[in-house]
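One structure is given below, encoded as C-alpha cells.
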Amino acid sequence: MDASSSANDAAKWRSGTLLSGEDELASRKGGWRYTAPAKPAAPAPTVHVAVAADTPATGEGTAMAPVGAQEADAAEKDAVPLPPAVIEASALDLTFQTNDGPVHALKDVSLTIRKGDFVSFIGPSGCGKTTFLRSVAALEQPTGGTLTVNGMTPDEARRARAYGYVFQAAGLYPWRTIARNIQLPLEIMGYSRAERRTRTEDVLKLVELDGFANKYPWQLSGGMQQRASIARALAFDADILLMDEPFGALDEIVRDHLNEQLLKLWDRTGKTIGFVTHSIPEAVYLSTHIVVMSPRPGRITDVIESPLPRERPLDIRDTPEFLALAHRVREGLRAGHAYDD
Amino acid sequence: MRSILPVLTVLAIIVAIWQLAVAPMNIRTALDMAERGGAVVEPEGGRARLEVSSWRLMIDNPEHVAAGYSLDRPRLPTPAQVGEELWKGTGKMIERGRAWSKRSLIYHGWITLQSTLWGFALGTTLGLLGAVAIVYSRVVDMSLMPWAIISQTIPIVALAPMIIVLSGQLGIEDRIVPKAIISAYLCYFPVLVGMVKGLRSPGAHQLDLLHTYSATGLQGFLKLRVPASLPYLFTSLKIGIAAALVGTIVGELPTGAISGLGARILIGDQFGTPLAIWAALFAAAILAGVLVTLIDITQRIVLRSMGMQT
Ligand SMILES: Nc1ncnc2c1ncn2[C@@H]1O[C@H](COP(=O)(O)OP(=O)(O)OP(=O)(O)O)[C@@H](O)[C@H]1O
Ligand SMILES: [Mg+2]
C-alpha cells in the first residue's frame with residue numbers, strides 16, 4: 001500500500017455504503033438522512049464509481065451519508081476521487097445447514113469497504129460478524145449474493161495474498177519461537193531465507209516486540225501473543241487486515257494500548273482493516289466506518305461514518321464528538337435488538 | 001533428582017512387602033523339607049497340612065519359618081535370591097567371559113531385544129501409516145479403525161502359536177520373523193490410536209489459519225500436524241515398545257523356542273526351577289524399563305529443543 005493513500009483526508013471519503021430495506025430505521029436517526037445513491041457525476045468514472053452506480057440493482061438500495069459529508073460531497077466534485085473499493089458485498093446471503101435446521105447467519109448484506117478504510121463490525125452475539133469476515137477470507141461459502149475482494153472472488157483474493165487474518169485466539173505454534181511463528185506464512189509462501197529474516201524484523205518492530213524474537217509463545221503475556229499474531233498477519237504485507245475480536249480476551253489497559261498501536265500501524269501502512277468487536281468505545285475510537293449488525297437473521301442495520309479526525313489520541317474519547325458517536329452506535333444496537341421483540 | 005526419594009521409598013515398600021510375603025508363601029515347602037530331614041512338625045504329613053492355613057502353620061512352627069528364606073526351589077524366592085540369580089546370569093557371566101553362552105541372561109536378553117526392536121520398528125511404521133491414512137481419509141477411518149480395535153480383542157496367546165506355525169509352513173526358518181510379527185501386532189495399536197489423536201489435535205482455527213495462507217496439504221501436514229502430534233507420538237512409543245517386548249516374550253513361550261527370555265521362563269517352569277523364571281521375569285522387566293527410559297530421554301531432548309515444557 002502506498003503512502004499517498006494513507007495521506008488522503010478521511011473526511012473527504014464518502015461512505016458509498018449501501019443499506020437495504022431498513023426504512024424503519026430512518027426515522028430513528030435524527031442527524032442522518034438517506035440520499036439516493038450518488039450518481040457518478042465527476043470525476044471520470046473509476047471502477048468503484050461504476051460499481052456504486054450498479055449496486056442498487058435490488059431496487060431497494062439506498063445510500064447513506066452523514067449530514068456533515070455534504071460539504072465533502074461538494075468538495076469532492078472538484079478534486080479527490082473516492083479510493084477504490086476493496087471489499088464489495090451485495091445482497092450477500094449465508095445459511096448454515098445444521099442438525100436443528102437452517103441458520104440464517106447473513107441476510108441481504110450489502111457493504112462496500114474502500115481502500116484505507118478502518119471498518120468495525122459491532123452487534124450482539126450471533127449476528128454474523130465472524131461469518132461475514134470469514135466469507136471475505138474465503139473460509140465460508142456464501143449461499144447467495146456476490147462478494148468480491150479487490151475485484152476477485154474471495155478464493156482468488158486469498159491465493160493472491162490479499163489479506164491477513166487475525167483470529168480471536170493468538171494461535172501461535174507453541175513449538176516455534178515468536179520469530180519463527182511470524183515466518184510461518186512466509187515459509188509457506190516461499191519467501192527466501194533473507195527476505196523472511198528482514199520481514200520478521202520489520203513487523204516485530206511494528207508491533208513493538210523486537211527483543212522477543214527468540215522467545216517461545218508461553219514466555220509472553222496474552223497481549224504480547226496477540227501482537228505477535230498481528231505481526232504474523234502483517235508479515236506478508238497483504239493490503240487488507242481482517243481481525244476478529246483480536247483484543248477480546250485482554251484487559252482494558254492492555255486493550256487501550258493495543259488500540260493506540262493499531263491505529264498508528266494503520267496510519268503508517270495505509271492498510272484496509274475489517275475489525276470485529278463487542279466494545280462500542282473500541283469501535284468508535286478505531287474506525288472510519290462502524291457497521292452495526294443485528295441477529296436472526298444476521299444483517300446490517302446501520303453504517304456510521306466517523307467524523308473523527310484520522311489523528312486520534314486516546315483522550316479523544318472524552319470529547320463530545322466521540323461521545324455523540326458512541327451514543328449513536330448504542331442507539332443503533334438498541335434498534336437492532338428491538339427487531340427481535 | 002528430587003523425584004529419586006519417592007521412587008526409592010516406593011521401591012523399599014515393595015521389597016519389604018515381598019520380603020514379608022516370602023514366609024507364608026514358602027512355609028509349606030519349608031515344613032516339607034524339614035519333615036523329610038527328620039524334624040517334627042505340626043501337623044504331620046503334607047496332606048494334613050493342606051487343610052491348615054499358612055498363618056496357622058507359621059504360628060505352630062515358628063522355628064521353621066526362617067527356612068523358607070533359603071529354599072532351593074521356593075514358591076516365592078526372596079529379593080536377595082532373585083538378585084543373586086540375576087547376577088549369576090549377567091555380571092558373573094561377563095566376569096567369566098561367557099556373556100554369550102546359552103546360560104547367560106545377556107544372551108537371551110539380546111535375542112529378545114532383537115525381535116522386540118524389529119517388531120517395534122514394524123509396528124510403529126504400520127501405526128504411523130495407518131494413522132496418516134485414517135486422518136486424511138474418512139473412508140479409511142470408517143473401514144480400518146473397527147478392524148484395528150477388533151484385532152486387539154483377540155488374545156495374543158491364542159494367536160501367537162498360529163503365527164509361528166504359519167510362518168513355519170511358509171518356510172520361514174528364522175524364529176525372529178514370527179516373533180517380530182507378534183510384537184508388531186501388539187505394538188502398532190497404541191501408536192495408531194495415539195497418532196490419530198495427535199494428528200487431529202490442531203484445532204479448527206489453526207487449520208483455518210493455514211488455509212488463509214493457501215497452504216498445501218503437505219505443508220499443513222509437515223508444519224502443523226506433525227509437530228503438534230509429537231508429544232502424542234512419544235507417549236505412544238513408550239506404550240508401544242513395552243507392548244512389543246510382551247509380544248516377543250509371548251512369541252517365545254510356545255514349544256520349540258530355546259532362546260530368549262520367554263523361553264527361559266518356559267524352561268524354568270518345565271524343569272521346576274522357579275529362580276530361573278524369576279530371574280528371566282526381572283530381566284524382561286529391567287529391559288522394558290531401560291527401553292522406556294531411552295524413549296523418555298529422547299522425548300525430553302526433542303520436546304525441549306522445540307521449546308515445549310516437559
Ligand atoms: N459453522 C457453523 N455452522 C452452523 N452455524 C454456524 C456456524 N458458524 C456460525 N453459525 C451460526 O451463525 C450465526 C452467526 O454466527 P457468527 O459466529 O458469525 O456470529 P458473531 O456475530 O461472530 O457472534 P459473536 O459476537 O458471538 O462472535 C450464529 O447463529 C451461529 O450459531
Ligand atoms: Mg464472532
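Only this structure's heavy atoms are used, side chains among them; waters, hydrogens and symmetry mates stay out. Convention: sequence-line order gives letters A, B, ...; per-chain numbering from 1.
In this structure, CD on A/Gln225 lies 12.0 Å from CZ on A/Phe212, to the nearest 0.5 angstrom. A/Leu172 contributes atom CG, which lies 9.0 Å from atom CD of B/Gln206 (distance to the nearest 0.5 angstrom).
Most heavy-atom pairs under 4.5 Å with chain B, from the set A/Arg161, A/Arg176, A/Arg134: that is A/Arg134. Your options are B/Gly203, B/Pro227, B/Ala215, and the one with the most heavy-atom pairs under 4.5 Å with chain A is B/Pro227.
For a residue to count as touching a neighbouring chain, one of its non-hydrogen atoms must lie under 4.5 Å from one of that chain's; by this rule B/Leu224 touches chain A with backbone and side chain alike. Proximity to chain A is limited to the backbone of B/Ser305, based on heavy atoms less than 4.5 angstrom apart. For chain B, the nearby part of A/Phe167 is the side chain; its heavy atoms alone come within less than 4.5 Å.
Using a 4.0 Å cut-off between charged nitrogen and carboxylate oxygen, A/Asp155 and A/Arg158 count as a salt-bridge pair.
Remark: the B/Thr112 side chain and the B/Thr248 side chain contain no N/O donor-acceptor pair separated by less than 3.5 Å. Using a 3.5 Å distance cut-off with no hydrogens or angles, the side chains of A/Thr277 and A/Ser120 do not pair a donor with an acceptor.
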